[in-house]
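One structure is given here, and the rest of the page talks about it.
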There are 2 protein chains.
Amino acid sequence: MGPVIRPGRKRSEESRQAILSAAADLVGEVGYAGLSIEGIAARSGTGKQTIYRWWPSKADVLLEALAAKADLHIPIPDEGSYPADLRAFLAASFALGRKPQVIEVLRALMAEAQINPAFGERFRTGFLERRREALGVLVERARTRGDLPPDPRPGTVADLVFGLIWYRVLATREPIDDALIDELVSLLAAG
Amino acid sequence: MGPVIRPGRKRSEESRQAILSAAADLVGEVGYAGLSIEGIAARSGTGKQTIYRWWPSKADVLLEALAAKADLHIPIPDEGSYPADLRAFLAASFALGRKPQVIEVLRALMAEAQINPAFGERFRTGFLERRREALGVLVERARTRGDLPPDPRPGTVADLVFGLIWYRVLATREPIDDALIDELVSLLAAG
DNA sequence: ATTTCGAACCGGTCCGTCTCGGTTCGTTTT
DNA sequence: AAAACGAACCGAGACGGACCGGTTCGAAAT
């Protein structure tokens, strides 16, 4: 008793790719504020309706473009010790953030998440919380191995890590580099 | 050789107050996205030009409204010990954040700071860095007293504190309450 | 047959600038 | 002292431009 599905024209993968790469290019040229659906449509050679049909907002287009462009796989490394695991996790997570354009997009998406509640929910559950949980798994494993003292509250380590990273990105604008990895590892894996 | 002072009508303090309180009221009713210069002008009974003459953007109006409404004095308490000082600093800093409307405005301003570069510079230097420096003074005093081990990098403590706070506000949306104060104090004043 | 596609076209909102007549000052002249 | 003057302000609103979100169209693909 499945629904009667009448076949129709399939979604154009070509248009999808064109839209995503046009969005990624444009945001690097004109910034997030200067980015518009109309601009994406014009650059990609598609129509506005094609974009509105598949994405709720320009922020969602950018989020998918970010996920498509770079590999957003979240690693949970097992190097044998907590400091090594943490270092490997951070190094893999920062691979993206080396490019200023990616940081620019991340800042814009975090900003949009504050202004647009619906996108905020998608951004939190689909992006932020995934990373938080991945780091949580890593920490929990170290804890059962006895590499780490018990947590005052579940998720404290992850909140400290991502808090410091996002504060750098959003507020102080210091670069995301190897020195930050060293600092985080020494702060959280020493005591 | 002082500046040549041209006579003219003085700035209306009445209009300034009306604009600030109208902005504060409106942002609580329609949210930051729904807030507009035209709306502020209409609600305050002033003209758009009067607003554009004195503030570069609606975010600047809100920032001044926030500073005017609540006392934004940044305390540097001296309770005799580092944990007590830190606790007093956090308690005073969080006094504002108890109201959800204030949090809403802070989130919007941080978002705007990411999108509007000129306002971002003002927000960082005039708001964020002031708090960072205040906490830095407090930490440095504790360090010279020997209450705290030397810092791997200047400002590490402040970055951890404000990173965790802002990450809560922007990402996890957990409340800013006394439990957070306890957590921060035990995390940073114990080791 | 059904759905997607590119394209064109609205109605509406807000921005940022500008203009207008009128008001409040400090300065200058009488 | 009193009046005239000019500068910067005031509220109100018109204006062009940009963009949004949605609709409709014929053509194309399956």
Side-chain angles (χ1 to χ4, degrees), chain A residues 2-23 26-27 29-62 64 108 111-112 115-120 122, chain B residues 2-23 25-27 29-64 108-109 111-112 115-119 122:
Chain A
V4 178
I5 298 192
R6 301 229 163 256
R9 184 177 181 173
K10 284 181 181 172
R11 177 178 181 180
S12 167
E13 177 64 18
E14 191 178 6
S15 292
R16 177 179 162 274
Q17 289 292 344
I19 289 168
L20 292 180
S21 68
L26 274 176
V27 80
E29 298 174 13
V30 299
Y32 183 78
L35 189 68
S36 68
I37 298 283
E38 289 188 341
I40 298 173
R43 169 71 68 101
S44 64
T46 68
K48 278 170 57 179
Q49 184 60 18
T50 303
I51 301 176
Y52 279 115
R53 180 161 20 237
W54 296 108
W55 291 278
S57 72
K58 67 177 177 180
D60 291 272
V61 178
L62 275 183
E64 186 168 335
E112 184 66 29
I115 294 170
N116 181 334
F119 174 75
R122 289 192 290 273
Chain B
V4 177
I5 299 190
R6 301 241 166 252
R9 184 179 182 173
K10 285 181 179 171
R11 177 178 183 179
S12 166
E13 177 64 19
E14 190 179 6
S15 292
R16 177 179 162 273
Q17 288 293 343
I19 289 167
L20 292 179
S21 68
D25 293 349
L26 274 176
V27 80
E29 297 174 13
V30 300
Y32 183 78
L35 188 69
S36 68
I37 298 281
E38 289 188 342
I40 298 173
R43 168 70 70 100
S44 64
T46 68
K48 280 169 61 177
Q49 186 64 313
T50 303
I51 301 176
Y52 279 111
R53 180 163 17 241
W54 298 108
W55 291 279
S57 72
K58 67 177 179 180
D60 291 272
V61 178
L62 275 183
L63 182 55
E64 186 170 336
L109 293 186
E112 184 66 29
I115 294 170
N116 182 334
F119 174 75
R122 290 191 290 274

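Labels below follow one simple rule: chain letters A, B, ... track the order of the sequence lines, proteins then strands, and each chain is numbered from 1.
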(request) Check whether any side-chain N or O of B:W55 sits under 4.0 Å from OP1 or OP2 of C:dG16, and answer yes or no. (result) no
(request) Compare side-chain N and O positions of B:S12 against OP1 and OP2 of D:dC9 and report whether any pair is under 4.0 Å apart. (result) no
(request) Report yes or no: does B:S15 contribute a side-chain atom to a donor-acceptor pair with the main-chain N or O of B:S12 at less than 3.5 Å? (result) no
(message) Need to verify one output field. Residue with the more 5' nearest nucleotide on DNA chain C, B:Q49 or B:K10?
(response) B:Q49
(request) State whether the distance check finds a donor on one side and an acceptor on the other, under 3.5 Å, for side chain B:K48 versus base D:dG13. (result) no
(request) Would you indicate, yes or no, if D:dC10 has its OP1 or OP2 atom less than 4.0 angstrom from a side-chain nitrogen or oxygen of B:R53? (result) yes
(message) By nearest atom, which of the nucleotides C:dC15, D:dC10, D:dC19 is closest to the B:Y52 side chain?
(response) C:dC15
(message) At less than 3.5 Å, do the side-chain atoms of A:R9 and the base atoms of C:dT4 form a donor-acceptor pair?
(response) yes
(request) Take B:R43 and B:E29 through the test salt bridge (Lys or Arg N to Asp or Glu O under 4.0 Å) and record every step on the way to the result. (result) CA-CA 12 Å; B:R43 168 70 70 100; B:E29 297 174 13; 2.8 Å; yes
(request) Indicate yes or no for a side-chain donor-acceptor contact from B:T50 to the backbone of B:T46 under 3.5 Å, with no hydrogens or angles considered. (result) no
(message) Regarding B:G45, tell me which of base, sugar-phosphate or nothing describes its non-hydrogen contacts under 4.0 Å with the strands shown.
(response) sugar-phosphate
(request) Please state whether the phosphate of C:dG6, meaning OP1 or OP2, lies under 4.0 angstrom from any side-chain nitrogen or oxygen of A:S15. (result) yes
